[in-house]
Amino acid sequence: MFKPLAIAALLIASPAWAQFRRPAPPMTHLGVPAADLITVDLSTRSDMSTGVVTTDVGTYQNGIWSWNFGAKGFEVPKGRTFIVTDAQAWVLHEPGTGTPASLELMLDYPTGGYSGSMALFTFQDVPANAMGVHRQTWTSGFALTEGLRMRIWVQQFYPLSLMSMARIVVHGYYL
């Protein structure tokens, strides 16, 4: 008598337990859930008529872009670690006699008083009158913990440099 009741209880409980169990999220090629992938767009430009420099930060996660116009950088949220996998840098060159573009992806730790370079992008092979957009790629493996900030830094803008706009798009994921 006990054995049939145990089997009946198991058959009833299994479907009830299964409906409360959530399936694991699908993993990406990086071995993390797709919801943890993030793209950070750091951009800066100089108005060629006024010389006013502006910076913006955009983040793309879960299919949604969020923009923070006027932001100076991207800070890793509390309780998260951001793994940087790669970055692409674009510059807009203007014709003239200035120097080619040079920009950096900087890493700041404001509470620790640290600021240093993560990646340097130089476009020395671009001739002086080569107008247009130029791009470079950098592959990494940086782990940024909470409170660390990424930002874009440019050597100088037009007319001293041939650059009027720059952006660095950083890809990675949260742990």
When rounded to the nearest 0.5 angstrom, what distance separates [atom1] in [X] from [atom2] in [Y]?
X	Y	atom1	atom2	answer
Phe157	Asp47	CZ	CG	11.0 Å
Ser115	Leu107	OG	CG	7.5 Å
Ser46	Met163	OG	CE	9.5 Å
Thr55	Arg45	OG1	CZ	8.5 Å
Glu104	Gln155	CD	CD	9.5 Å
Ile38	Thr85	CD1	OG1	11.5 Å

Listed once per pair and sorted, the ring-ring contact (aromatic ring centres under 6.0 Å, His included) pairs that draw on [range], sequence neighbours left out:
range	result
residues 39-63	Tyr60-Trp65
residues 36-56	none
residues 23-47	none

Listed partners of [X] passing side chain to side chain donor-acceptor pair (under 3.5 Å), at least two apart:
X	result
Thr122	none
Ser164	Glu94
Ser66	none
Thr137	Arg135

Which residues, ordered by chain and number, are linked to Leu37 in its hydrophobic cluster, where ILVMFWY side chains connect at heavy-atom gaps below 4.5 Å, directly or through other members?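 Members other than Leu37 - counting any ILVMFWY side chain reachable under 4.5 Å - are Leu30, Val32, Ile83, Tyr173, Leu175.
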Cluster companions of Met48 among Ile, Leu, Val, Met, Phe, Trp, Tyr (side-chain spacing under 4.5 Å):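 Besides Met48, the cluster holds Tyr158.
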Is a side-chain donor or acceptor of [X] paired with a backbone partner of [Y] at a separation under 3.5 angstrom?
X	Y	result
Thr28	Ala34	no
Gln61	Asp36	no
Thr44	Thr54	yes

Hey, are the side chains of [X] and [Y] touching, using non-hydrogen atoms and a 4.5 Å cut-off?
X	Y	value
Met150	Ile168	no
Ile152	Ser43	no
Gln156	Thr99	yes
Phe82	Leu148	no
His93	Pro100	yes

Determine whether [X] and [Y] fall in the same hydrophobic cluster, where Ile, Leu, Val, Met, Phe, Trp and Tyr are linked whenever their side-chain heavy atoms lie under 4.5 Å apart.
X	Y	value
Val169	Leu42	no
Met165	Val57	no
Met106	Val53	no
Val170	Trp138	yes

Tell me, please, which residues at least two apart from Gln136 pass side chain to side chain contact (heavy atoms under 4.5 Å, CB included).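 Partners of Gln136 under the side chain to side chain contact (heavy atoms under 4.5 Å, CB included) test: Phe121, Phe123.
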Give the minimum heavy-atom separation between [X] and [Y], together with the two atoms involved.
X	Y	result
Val91	Leu103	CG1-CD2, 3.1 Å
Met27	Pro33	SD-N, 3.5 Å
Pro95	Leu162	C-CD2, 4.3 Å

Can I get a per-line list of side-chain donor-acceptor pairs under 3.5 Å for residues 69-79, giving both atom names and the distance, sequence neighbours left out?
none

Salt bridge (charged side-chain N to carboxylate O under 4.0 Å, His left out) against Asp108, all qualifying residues, sequence neighbours excluded: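 Arg149, Arg151.
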Taking Asp56 first and then Arg167, would you say they form a salt bridge - that is, a charged N and a carboxylate O separated by under 4.0 Å?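 Answer for the salt bridge query: no.
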